[in-house]
Each structure stands twice: as C-alpha cells, then as structure tokens.
Trainee: 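Structure in structure tokens, see below.
Only a predicted model underlies this, so the values are computations on that prediction, with no experimental measurement involved. Order of the sequence lines fixes the chain letters, A, B, ..., with proteins taken first and strands second; residue numbering starts at 1 for each chain. Computed from heavy atoms alone, side chains included, the values below leave out hydrogens, waters and symmetry copies.
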There are 2 protein chains.
Amino acid sequence: MSLHHPPTDELELTAVLHALSDPQRLRIVQLLAEQDTAVPCGSLPLGISKSTATHHFRVLREAGLIEQSPTGTTKLTTLRRADLDARFPGLLEIVLASPLLLAASASGS
Amino acid sequence: MSLHHPPTDELELTAVLHALSDPQRLRIVQLLAEQDTAVPCGSLPLGISKSTATHHFRVLREAGLIEQSPTGTTKLTTLRRADLDARFPGLLEIVLASPLLLAASASGS
DNA sequence: GGGCTAATACGACGATTATCGAACAATATG
DNA sequence: CATATTGTTCGATAATCGTCGTATTAGCCC
C-alpha cells in the first residue's frame with residue numbers, strides 16, 4: 001500500500017492552484033496549517049461525508065500539497081510546506097494569509 | 001454596454017485561484033503581464049478559437065484578474081495588478097514568477 | 001477467528017466546465 | 001447603405017467535478 005506523492009520538482013502550478021480553488025480543500029489546508037504535527041484525516045472537523053473527504057484529500061495529495069502516511073488504521077496527514085515553498089516560494093503563505101470568507105463562517109479561526 | 005468588474009474588496013480567493021488554474025487562462029495572464037499597456041483581446045497569440053478566448057476572458061474578468069474597456073470594435077484588456085496586490089498581496093507576482101511548463105512549450109517567453 | 005475503527009472503492013447523480021463552429025452584434029469606414 | 005473587423009452569443013459536446021451512500025478494505029486488538 002503505497003500512496004503516490006509527486007516529487008517536488010514535478011509539482012504543477014495549475015494542479016496546486018486548482019486544488020486550492022475548492023472551498024472545502026482550502027479549508028482543509030487551512031486547518032492543517034494550524035496543526036503542529038501530522039494529524040488523522042478524520043480528526044479535522046470538515047462537516048462533509050467521509051467519502052467526499054477522501055476525495056478531497058486525494059486531490060490535495062496528488063497535487064503535492066499534503067503528505068499522507070498510513071499509521072495503523074489511520075492516515076497521518078500534514079502539509080508539504082517545505083516542498084511547496086521550494087517549488088513556489090511564498091505561495092502557500094500568501095494563500096493562508098489571504099482573506100477567506102469561509103474562515104469567518106467557520107467561526108473562530 | 002457595461003462590463004462587470006467585481007470591486008476589489010469583493011474579490012474571492014477561490015475564484016482567483018480557479019481562474020488561474022486553467023493552463024490557457026494562466027497563459028493569458030502571463031502574456032498580459034508582459035504588456036506595458038492595455039491590449040486588444042485578439043492581439044494575444046493564444047491559438048484557440050475566438051469563442052473560447054471570449055469565455056476565458058470572461059472568467060478572468062469576473063474573478064477580478066483583468067479589466068476590459070470597450071474601445072471601438074475592440075476590447076482593451078489589462079491586468080488589475082494594483083487591485084490584486086491590494087487584496088492578495090504578492091499572489092500575482094508569485095504566480096508569474098513560478099515555473100510554468102506551458103511557458104516553455106510556448107517558446108520564447 | 002470476531003469485533004471495531006478509519007479510510008477507500010464504487011456507482012450514481014446533477015452541476016459545471018472547456019471547447020468548438022455558426023450566427024450574430026457592435027463599431028468604424030467609405 | 002455596404003463592407004470589414006472585433007468580439008459575443010448560442011447550442012452542442014464530451015469531460016470533469018463535487019457530493020453522497022453503500023459496500024469494502026486495511027489495520028488493530030482481544
């Protein structure tokens with residue numbers, strides 16, 4: 001069981017931008033950014049079905065935004081901050097710092 | 001005949017990211033970034049049908065990335081650099097500075 | 001083995017999207 | 001007016017997309 005993570009030098013800008021353009025996925029990235037360590041997928045309060053969450057995590061992983069490592073029955077997930085910064089310097093930070101309507105509606109970000 | 005341009009404080013990050021995530025639209029933005037002044041839509045060497053171009057320009061305009069002003073039979077188009085930088089500081093610059101596969105395939109960018 | 005939990009695969013659905021060519025609209029010129 | 005140019009609208013198409021529930025898989029523990 002190996003999860004595919006694209007190598008840093010193969011990260012495509014359009015894939016990254018597309019992954020970040022969905023409100024749910026942007027929210028996932030935002031929540032992950034608040035964590036100090038890798039966290040299980042299911043621990044994030046997304047409010048969507050598990051299968052939809054799986055779909056979104058997959059898009060994020062294949063675009064190179066997250067790294068998932070199987071740990072027991074769960075998947076510890078974390079942002080590939082260093083890789084993203086190496087490939088697209090500053091992009092993630094700017095996205096995370098940008099005004100987000102959903103953050104406000106999600107309350108207490 | 002009035003074209004709708006969203007006000008700066010209503011620009012949505014997901015709309016901007018989505019607009020930039022399409023290879024053609026990213027190319028349009030890149031080409032526009034190289035111009036010193038507003039240029040007619042048709043002057044950009046896109047290699048797609050005019051109706052498809054119209055569609056893309058519309059997406060970019062509605063997301064707030066470009067401004068179009070009717071001039072005679074043409075539409076002078078320019079990037080809303082200042083507005084984008086005011087709303088999402090640094091985002092456009094980073095996107096323009098990022099490695100683009102299409103730029104290489106388009107040759108001589 | 002059984003039981004439990006976390007996550008995925010699968011099929012389905014409605015909506016959206018990028019693309020095109022043909023017809024059309026808007027503008028300018030003689 | 002007719003003609004030319006630029007850009008848009010329209011209808012169509014195939015593909016993609018986000019979402020869901022159900023069945024299944026993977027891993028762990030007793």
Side-chain angles (χ1 to χ4, degrees), chain A residues 1-5 12-29 31-32 35 37-63 65-78 101-102 105, chain B residues 1-5 12-29 31-32 35 37-63 65-78 101-102 105:
Chain A
M1 168 56 63
S2 66
L3 298 172
H4 176 243
H5 293 89
E12 297 187 22
L13 180 62
T14 50
V16 170
L17 294 177
H18 175 255
L20 289 169
S21 69
D22 174 76
Q24 293 290 0
R25 289 199 289 274
L26 191 53
R27 175 159 164 73
I28 290 174
V29 167
L31 289 174
L32 287 175
Q35 316 301 321
T37 63
V39 296
C41 299
S43 69
L44 302 178
L46 302 175
I48 52 178
S49 76
K50 293 205 295 186
S51 53
T52 301
T54 294
H55 165 75
H56 285 315
F57 280 115
R58 177 175 187 156
V59 173
L60 288 169
R61 173 166 50 78
E62 293 187 340
L65 282 150
I66 63 173
E67 177 180 359
Q68 288 183 304
S69 49
T71 308
T73 65
T74 194
K75 295 278 172 57
L76 291 184
T77 306
T78 187
L101 303 181
L102 29 118
S105 68
Chain B
M1 165 58 61
S2 67
L3 297 172
H4 175 244
H5 293 91
E12 297 187 20
L13 181 62
T14 50
V16 170
L17 294 177
H18 175 253
L20 289 169
S21 68
D22 175 77
Q24 293 289 0
R25 289 199 288 275
L26 191 54
R27 174 158 164 72
I28 291 173
V29 168
L31 289 174
L32 287 175
Q35 317 299 323
T37 63
V39 296
C41 300
S43 70
L44 302 179
L46 302 175
I48 53 178
S49 75
K50 291 205 295 183
S51 55
T52 300
T54 294
H55 166 74
H56 285 314
F57 280 116
R58 178 174 186 159
V59 173
L60 288 169
R61 173 167 48 78
E62 293 186 342
L65 282 149
I66 62 172
E67 178 179 359
Q68 290 184 301
S69 49
T71 309
T73 67
T74 193
K75 293 275 173 59
L76 292 184
T77 306
T78 186
L101 305 180
L102 29 117
S105 68

Trainee: Send over the distance from B:L17 CG to D:dC17 C1', rounded to a whole Å.
Mentor: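 Roughly 17 Å, once rounded to whole Å.
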Trainee: Whole Å only: how far is the CG atom of A:L60 from the C1' atom of C:dA7?
Mentor: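 Computing the A:L60:CG to C:dA7:C1' distance gives 16 Å.
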Trainee: Considering residues at least two apart in sequence or located in another chain, which fulfil the side chain to side chain contact (heavy atoms under 4.5 Å, CB included) criterion with A:S49?
Mentor: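 Only A:S51, A:T52 meet the side chain to side chain contact (heavy atoms under 4.5 Å, CB included) criterion with A:S49.
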Trainee: Return the value, rounded to whole Å, for the distance between atom CD1 of A:I48 and atom P of D:dG21.
Mentor: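 That distance rounds to 12 Å.
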Trainee: Tell me: NE2 of A:H18 to C1' of C:dA18, nearest whole Å?
Mentor: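 Result: 12 Å.
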Trainee: How close or far is atom P of C:dA15 from atom CG of A:D22, stated in whole angstroms?
Mentor: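 Checked: the CG to P distance equals 18 Å.
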Trainee: Tell me, which pairs form a salt bridge (Lys or Arg N to Asp or Glu O under 4.0 Å) where one or both residues lie in residues 44-58 of chain A, sequence neighbours left out?
Mentor: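 Checked against salt bridge (Lys or Arg N to Asp or Glu O under 4.0 Å) - neighbours excluded - the pairs reaching residues 44-58 of chain A are A:R58-A:E62.
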Trainee: A:T71: which residues meet the side chain to side chain contact (heavy atoms under 4.5 Å, CB included) condition with it, sequence neighbours left out?
Mentor: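 Result, side chain to side chain contact (heavy atoms under 4.5 Å, CB included) vs A:T71: A:S69, A:T74, A:L76.
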Trainee: Does the side chain of B:S49 get closer than 4.0 angstrom to OP1 or OP2 of C:dT19 through an N or O atom?
Mentor: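 B:S49 to C:dT19 OP1/OP2: no side-chain N or O under 4.0 Å.
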Trainee: Calculate, to the nearest 0.5 Å, the distance between atoms CD1 and CG belonging to B:I28 and B:L65 respectively.
Mentor: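 Between B:I28 CD1 and B:L65 CG, I get 10.5 Å after rounding to 0.5 Å.
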Trainee: Output all residues satisfying side chain to side chain contact (heavy atoms under 4.5 Å, CB included) with A:Q68, sequence neighbours left out; order by chain, then residue number.
Mentor: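 Only A:L3, A:H5, A:C41, A:F57, A:R61, A:I66, A:K75, A:T77 meet the side chain to side chain contact (heavy atoms under 4.5 Å, CB included) criterion with A:Q68.
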Trainee: Nearest-Å distance, CZ (A:R58) to P (D:dC17)?
Mentor: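 From A:R58 CZ to D:dC17 P: 12 Å.
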Trainee: Atom CD of B:E62 to atom C1' of C:dT16: distance rounded to whole Å?
Mentor: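 Taking CD of B:E62 and C1' of C:dT16, I get 14 Å after rounding.
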Trainee: Got a sec, which residues hit side chain to side chain contact (heavy atoms under 4.5 Å, CB included) with B:V59, two or more places apart in sequence or on another chain?
Mentor: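 In terms of side chain to side chain contact (heavy atoms under 4.5 Å, CB included), with neighbours along the sequence ignored, B:V59 is linked to B:A19, B:R25, B:H55.
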Trainee: Check the distance between D:dC17's C1' and A:Q24's CD and give it to me in whole angstrom.
Mentor: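 Taking CD of A:Q24 and C1' of D:dC17, I get 14 Å after rounding.
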Trainee: Which atom pairs link the protein and nucleotides 6-8 of chain D when you take only N or O atoms and keep those under 3.5 Å?
Mentor:
unit_1, atom_1, unit_2, atom_2, d
D:dT6, O4', B:T73, OG1, 3.3
D:dT6, O3', B:T74, OG1, 3.0
D:dG7, OP1, B:C41, N, 3.1
D:dG7, OP1, B:T74, OG1, 2.2
D:dG7, OP1, B:K75, N, 3.3
D:dG7, OP2, B:G42, N, 2.8
D:dG7, O3', B:K75, NZ, 3.3
D:dG7, N7, B:K50, NZ, 2.8
D:dT8, OP1, B:K75, NZ, 3.1
D:dT8, OP2, B:T54, OG1, 2.7

